[in-house]
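Report on the following structure.
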Amino acid sequence: MITGDHAVTAAAIARQLGIDGTVITGAEFGALSDEQALDTIGEVGVIARVTPEHKVRLVDLLKKQGQIVAMTGDGVNDAPALKRADIGIAMGITGTEVTKEAAVMILTDDNFSTIIKAVGLGRGLYENLVKYVRFQMGCLFGFIVSFLGASILDITGGVPFLPLQTLWINFTTLLFQAIGLGYGKAADGLMRRQPRRPDQPILTRGLFAWLITAGLVMGAGTLCVVSWAEQVRTPAIAHTMGVVTFSLYALFFSIATKDEQRTVFSLDTFSDKTFLIATGASVLTLLLATVFGPLEAFLKTSSLDTRQWLICTGVALSIIVVSEIRKAVRRRTVAGKDPIGPV
């Protein structure tokens, strides 16, 4: 807490709020050199009787430590510190217009608990964005492997699924699952996780390698099914089984992608109504493409028997197996550390 109030008053309020640490005055803080301040700032809980310069200096010192600094304030003298902070938060009711102009967030109800809700909302939006990107990139690699592999190995004339069938996969299963991931409920316990580093990209090297691996699994599995069906059945059956296998791969991959921290067999995976509705729509459109006559004629697909459906489903489940192995390895790697890593 950094405030212009008297040290005794500030210390009493800090105790009520559960803010630990020593109490110093702005004069004592100003007398410290930058090196001394950096060494001792972690032990300080309250800085009282400060000037605007002290507030700006505190923000700068915390940013030098690599901290993400949020500063709240309502008066004109708070505006410079709010402007310098990573996130300046002005009071919407008692705040001055100058402070509101300097801030990037205005707390309309002047209730600090709203900040926690805003942080939770922001983390949820970011997590959903990352899930959406992961899902789309993994499926894109799957498409590349499928078409490239079919061309190199001359499977079904180099075309694992026809153009209309490819569009059908994109505008049904991939679209619905992406919506389910992007607009779904954020994972439970999100606010208990360590904040991500500011320089952490959406796609890290490890994640990028995993998406390539997932794409290889999806592409290789789809090609195996198409190649088998081409040899023992008609080209139409081969293309249909390719569509079904890849669509199921995408569906299972979205389930595996939904929460990187927990197993897909967690009850939390199936507690998101938005995601369940999207998954239901994906399954429905996939069934319609293989049993509804007009769609079959339009997409040039064929009906599949129970055995063929089981083959497609069994092969597509391999992405769940690979994902669970990866998660198990990650959990073992972080054993003894914070069990829930950075978002």
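- For Lys100, the NZ atom is densely surrounded, since the number of other residues' heavy atoms within 6.0 Å is greater than 12.
- No more than 12 heavy atoms of other residues, nucleotides or ligands lie within 6.0 Å of NZ in Lys273, so this atom counts as exposed by the packing criterion.
- In this structure, Trp210 and Phe253 have tilted ring planes: the angle between them lies in the 30° to 60° band.
- A donor-acceptor contact closer than 3.5 angstrom links the side chains of Lys185 and Ser271.
- The environment of Phe143 atom CZ is dense: over 12 non-hydrogen atoms of other residues, nucleotides or ligands sit within 6.0 angstrom.
- Of the inter-residue distances, the one linking Leu286 atom CG with Thr301 atom OG1 reads 9.5 Å to the nearest 0.5 angstrom.
- Side-chain atoms of Thr172 come within 3.5 Å of backbone atoms of Trp168 as a donor-acceptor pair (strictly under, hydrogens ignored).
- Contact annotation: the side chain of Met1 never approaches that of Ile47 to less than 4.5 Å [non-hydrogen atoms, C-beta and beyond].
- Between the side chains of Asp109 and Thr114, at least one donor N or O lies within less than 3.5 Å of an accepting N or O.
- Note: the hydrophobic cluster containing Val225 also contains Ile169 (ILVMFWY, side chain heavy atoms under 4.5 Å, direct or indirect links).
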> Given Ser282 and Gln177, is the side chain to side chain donor-acceptor pair (under 3.5 Å) satisfied, shown in steps?
Replying inline: CA-CA 7 Å; Ser282 297; Gln177 296 309 114; 2.7 Å; yes

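- Side-chain contact check for Thr222 versus Tyr249: some heavy-atom pair is nearer than 4.5 Å.
- Of all the heavy atoms in Val217 and Ser318, the pair that sits closest is CG1-OG, 3.7 Å.
- Annotation: side chain of Leu107 is in contact with side chain of Phe112 (closest heavy-atom distance under 4.5 Å).
- In the hydrophobic cluster analysis, where Ile, Leu, Val, Met, Phe, Trp and Tyr join through side-chain heavy atoms closer than 4.5 angstrom, Val104 is grouped apart from Tyr126.
- Side-chain atoms of Thr257 and Ser254 form no donor-acceptor pair, as typed in the model, at a separation below 3.5 Å.
- Between Arg57 and Asp34 there is a salt bridge, since at least one side-chain N of the basic residue sits less than 4.0 Å from a carboxylate O of the acidic one.
- Residues Asp86 and Ile68 have side chains in contact (heavy-atom distance under 4.5 Å, counting atoms from C-beta outward).
- Judged by distance alone, the side chains of Ser302 and Glu296 never bring a donor and an acceptor atom under 3.5 Å apart.
- Expressed to the nearest 0.5 Å, how far CG of Leu58 lies from CD of Glu53 amounts to 13.5 Å.
- For Phe147, the CZ atom is densely surrounded, since the number of other residues' heavy atoms within 6.0 Å is greater than 12.
- With values rounded to the nearest 0.5 angstrom, Asp154 atom CG is found 11.5 Å from Ile152 atom CD1.
- Considering every non-hydrogen atom in both Gly45 and Ile19, the closest pair reads O-CG2, 3.4 Å.
- From Leu284, atom CG reaches atom CG of Leu287 across 6.5 Å, with rounding to the nearest 0.5 Å.
- Cluster membership for Val69 and Met91, using ILVMFWY side-chain heavy atoms within less than 4.5 angstrom, is not shared.
- Under a hydrophobic clustering in which Ile, Leu, Val, Met, Phe, Trp and Tyr are joined whenever their side-chain heavy atoms come within less than 4.5 Å, directly or via other members, Val23 and Ile13 fall into the same cluster.
- One finds the CD1 atom of Ile202 at 11.0 Å from the OG1 atom of Thr204 (value rounded to the nearest 0.5 Å).
- By the rule that hydrophobic residues join a cluster once side-chain heavy atoms approach within less than 4.5 Å of another member, Leu175 and Val244 end up as members of separate clusters.
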>> Please evaluate residues Asp78 and Lys55 with respect to the criterion salt bridge (charged side-chain N to carboxylate O under 4.0 Å, His left out), reporting the C-alpha separation (whole Å), side-chain torsions for both, the decisive distance (0.1 Å), and the verdict.
In response: CA-CA 8 Å; Asp78 296 318; Lys55 296 180 180 181; 2.2 Å; yes

>> What verdict does the salt bridge (charged side-chain N to carboxylate O under 4.0 Å, His left out) test give for Arg193 and Asp259, after you've listed the backbone C-alpha separation in whole Å, the side-chain angles of each residue and the deciding distance to 0.1 Å?
In response: CA-CA 13 Å; Arg193 298 181 183 178; Asp259 193 339; 3.5 Å; yes

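- Taking both residues in full, the closest heavy atoms of Lys300 and Thr240 are given as O-OG1, 4.5 Å, listed atom of the first, atom of the second, then distance.
- Residues Thr94 and Asp110 have side chains that bring a donor and an acceptor to within less than 3.5 angstrom of each other.
- When side chains are defined from C-beta on, Thr313 counts as touching Phe252, because their heavy atoms get closer than 4.5 Å.
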>> Applying ring pair (Phe, Tyr, Trp, His ring centres under 6.0 Å) to Phe298 and Phe292, what does each step give before you reach the verdict?
In response: CA-CA 10 Å; Phe298 177 70; Phe292 186 52; over 10 Å; no

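- Note that CD of Gln308 is 10.0 Å distant from CG of Leu310, once rounded to the nearest 0.5 Å.
- Counting heavy atoms from C-beta outward, Phe29 and Val44 have side chains that stay 4.5 Å or more apart.
- The cationic group of Lys258 lies under 6.0 Å from the six-membered ring centre of Phe275 and within 45° of the ring axis, placing it in a cation-pi geometry.
- Classification of Glu28 and Arg49 as a salt-bridged pair fails, no side-chain N sitting under 4.0 Å from a carboxylate O.
- Using a 4.0 Å cut-off between a side-chain N of Lys or Arg and a carboxylate O of Asp or Glu, Arg84 and Asp60 qualify as a salt bridge.
- Between the side chains of Thr51 and His54, at least one donor-acceptor pair of N or O atoms lies under 3.5 Å.
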